[in-house]
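Here is the structure we will look at, set down as structure tokens.
Quick caveat: nothing in here was measured; it's all calculated off a predicted structure.
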Amino acid sequence: MRARLSALFLLGLLLLAPRLLAQAGCQAESPLDDEPVTAPMVTSACVTGQVGDDDAQDLWRWSIDDAGQPWQFTLTSDAGTLVNVEVLRVTYTADGQGVRESRSLYRFGGTSGAAEGLPLLLQPGDYVLGVAGAGPLAAYRLDIAAATLPAAAEAEPNDRPEAAQPLAGAAALSGSADNDWFRWTLSAEEAAQRWQVTLQTPLEALMSLTLYDAAENLLVPTGASHGEGGGRLVLHDLGLPAGEYLLQISASGVWAGSPFGLTIAPDGPRRPDREEEPNDLARPAPFVSGLQGRLTDESNVYRRDADVFAFAPGADPDERT
């Protein structure tokens with residue numbers, strides 16, 4: 001009987017070992033984590049706790065001082081309970097005993113037990129990380145790790161179209177935004193692909209990304225990144241003929257000099273049944289039955305996407321016109 005109990009005890013330790021090891025070195029939740037001013041300051045690369053219907057949320061204070069350092073958040077939790085992570089920008093009162101302003105910047109999570117947020121660029125200052133749960137009490141672990149921007153750097157000066165930095169096909173670079181121009185070239189082979197241009201900006205920053213043809217005629221209207229999209233401004237589904245194009249990144253006022261990451265990547269072969277940009281009123285696209293497309297996401301707060309298609313009444317809808 002004693003041998004059987006010992007075996008069961010050892011089996012229990014083996015089953016618990018992965019979870020115990022997963023929490024090693026992590027900072028545990030505090031009983032005072034319900035309010036920002038009393039929440040514990042993050043002092044470790046990972047924090048742990050439990051959230052659910054009986055303990056709705058844990059708050060963690062977090063401060064950073066490097067504007068050019070992206071951060072990656074990774075959440076692991078018990079599957080089945082909805083667990084979300086929220087990043088809030090917080091301004092405290094002069095005496096540090098109250099919150100003067102709090103703004104939600106980014107949220108991610110789910111019920112699967114594993115979720116990874118986008119790498120985020122954040123302004124130096126004070127933040128609160130909120131971990132909230134709905135459902136049965138679930139254990140969680142939130143890892144906080146330094147991420148990276150593209151290693152290649154923009155080439156200054158590039159503040160005028162005639163001084164634009166040359167790029168060809170796929171590219172990735174980082175820089176400091178003011179009024180930056182890039183001359184982007186697509187070969188005939190590359191023009192057989194759809195393309196996606198992604199600008200990563202600091203959360204809260206107001207920066208724009210615009211696509212022109214080589215003669216500086218506007219192709220895709222200006223968009224502006226604004227916290228909700230994780231600091232991402234994306235030009236989706238670009239279907240362009242071979243040739244040269246101009247990309248402009250702009251930041252002004254308090255946001256001039258903000259760090260950015262620019263990525264240009266192919267997004268699959270061009271197909272007749274997939275919408276391509278630009279296709280606005282000035283450049284309507286041929287209509288194809290069963291066409292698939294998408295409208296601009298909400299992070300592009302100053303760009304209202306309108307997709308326009310041309311077809312001939314009475315003609316075969318599957319014929320491009």
Side-chain angles (χ1 to χ4, degrees), residues 62-73 86-92 100-107 117-129 146-161 163-165 167 171-184 196-212 216 218-236 246-264 296-305:
W62 186 56
S63 295
I64 60 172
D65 55 13
D66 186 352
Q69 173 63 65
W71 294 95
Q72 176 82 60
F73 297 93
E86 189 169 17
V87 180
L88 302 103
R89 175 77 142 145
V90 176
T91 304
Y92 296 99
R100 191 170 71 224
E101 184 181 4
S102 175
R103 181 183 173 195
S104 177
L105 299 179
Y106 183 69
R107 180 185 297 174
L118 291 171
L120 302 177
L121 276 171
L122 298 158
Q123 294 295 308
D126 296 319
Y127 295 85
V128 166
L129 308 177
T148 58
L149 289 171
E154 68 166 323
E156 295 280 8
N158 62 341
D159 57 355
R160 305 183 319 279
Q165 179 179 347
L167 302 173
L173 56 88
S174 59
S176 178
D178 39 48
N179 187 40
D180 301 314
W181 290 84
F182 303 90
R183 188 170 295 277
W184 178 38
Q196 178 169 299
V197 181
T198 303
L199 178 66
Q200 180 180 3
T201 75
L203 293 185
E204 304 177 274
L206 193 59
M207 294 167 57
S208 66
L209 173 67
T210 309
L211 177 67
Y212 302 87
E216 298 180 48
L218 182 65
L219 291 180
V220 178
T222 298
S225 68
H226 205 279
E228 292 301 319
R232 297 303 194 282
L233 182 59
V234 183
L235 304 182
H236 294 284
L246 288 167
L247 285 164
Q248 181 191 21
I249 297 172
S250 181
S252 59
V254 298
W255 303 114
S258 294
F260 71 82
L262 179 68
T263 304
I264 305 172
T296 303
D297 64 83
E298 294 179 356
S299 67
N300 299 347
V301 294
Y302 289 122
R303 178 183 168 210
R304 296 294 179 258
D305 190 14

(message) When you compare the side chain of L167 with that of I264, does any pair of heavy atoms fall below 4.5 Å?
(response) yes

(request) With the side chain counted from C-beta on, respond yes when W255 and E204 share a heavy-atom pair under 4.5 Å apart, and no when they do not. (result) yes

(request) Give the minimum heavy-atom separation between S102 and V90, together with the two atoms involved. (result) OG-CG2, 4.2 Å

(request) Enter the distance from Y92:OH to R100:CZ here, rounded to the nearest 0.5 Å. (result) 12.0 Å

(request) Please report the C-alpha distance between D66 and I64 in whole Å, then the side-chain angles of each, then the deciding distance to 0.1 Å, and finally whether the side chain to side chain contact (heavy atoms under 4.5 Å, CB included) criterion is met. (result) CA-CA 6 Å; D66 186 352; I64 60 172; over 6 Å; no

(request) Would you confirm whether W71, through its side chain, and Q69, through its main-chain N or O, come within 3.5 Å as a donor-acceptor pair? (result) yes

(request) List the steps and the verdict of side chain to side chain contact (heavy atoms under 4.5 Å, CB included) for L105 and L88. (result) CA-CA 6 Å; L105 299 179; L88 302 103; over 6 Å; no

(request) Kindly indicate whether the side chain of E156, heavy atoms from C-beta on, has any atom under 4.5 Å from the side chain of D180. (result) yes

(request) Please check if the side chain of S174 supplies one atom and the backbone of P150 the other of a donor-acceptor pair under 3.5 Å. (result) yes

(message) If I compare all heavy atoms of A155 with all of Q165, which pair ends up nearest, and what's the gap?
(response) N-OE1, 2.6 Å

(request) Of all the heavy-atom pairs spanning L118 and G230, show the shortest one and how long it is. (result) CD1-CA, 4.4 Å

(message) For G117, is there any backbone N or O sitting under 3.5 Å from a side-chain donor or acceptor partner on Q72?
(response) yes

(request) Enter the distance from R89:CZ to L122:CG here, rounded to the nearest 0.5 Å. (result) 8.5 Å

(request) Measure the CZ-CG distance between R232 and L203 for me, rounded to the nearest 0.5 Å. (result) 8.5 Å

(request) Please tell me if the side chains of L247 and W181 come closer than 4.5 Å, counting only heavy atoms from C-beta onward. (result) no

(request) Fit a plane to each ring of Y127 and W62, take the angle between them on a 0 to 90° scale, and name the class: parallel (under 30°), tilted (30 to 60°) or perpendicular (over 60°). (result) tilted

(request) Grab the two heavy atoms, one from A67 and one from P259, that are nearest each other, plus how far apart they are. (result) O-CG, 3.4 Å

(request) Check whether any side-chain heavy atom of L246 sits under 4.5 Å from a side-chain heavy atom of F182, and report yes or no. (result) no

(message) Just so I know, are the side chains of Q200 and L149 near enough to count as touching, which here means a heavy-atom distance under 4.5 Å?
(response) yes

(request) Take L211 and V197, measure what side chain to side chain contact (heavy atoms under 4.5 Å, CB included) needs, and give me the verdict at the end. (result) CA-CA 10 Å; L211 177 67; V197 181; over 6 Å; no

(message) With a 6.0 Å cut-off (strictly less than), is the heavy-atom count around CZ of R107, excluding the residue itself, greater than 12?
(response) no

(request) Mind checking the CG-CZ spacing from L209 to F260? Nearest 0.5 Å is all I need. (result) 10.0 Å

(request) Look up atom CD in E216 and atom CD in Q248, then write down how far apart they are to the nearest 0.5 Å. (result) 9.0 Å

(message) Is any side-chain heavy atom of T210 closer than 4.5 Å to one of L218?
(response) yes

(message) Would you say E86 and Y106 are linked by a side-chain donor-acceptor pair, where the criterion is simply a distance under 3.5 Å?
(response) no

(request) Would you indicate whether the side-chain heavy atoms of M207 and L233 approach each other to under 4.5 Å? (result) no

(message) Looking at S250 and N179, would you say the former's side chain and the latter's main chain have a donor-acceptor pair under 3.5 Å?
(response) no

(request) Please answer whether the main-chain N or O of S176 pairs with a side-chain N or O of E154 as donor and acceptor at a distance below 3.5 Å. (result) yes

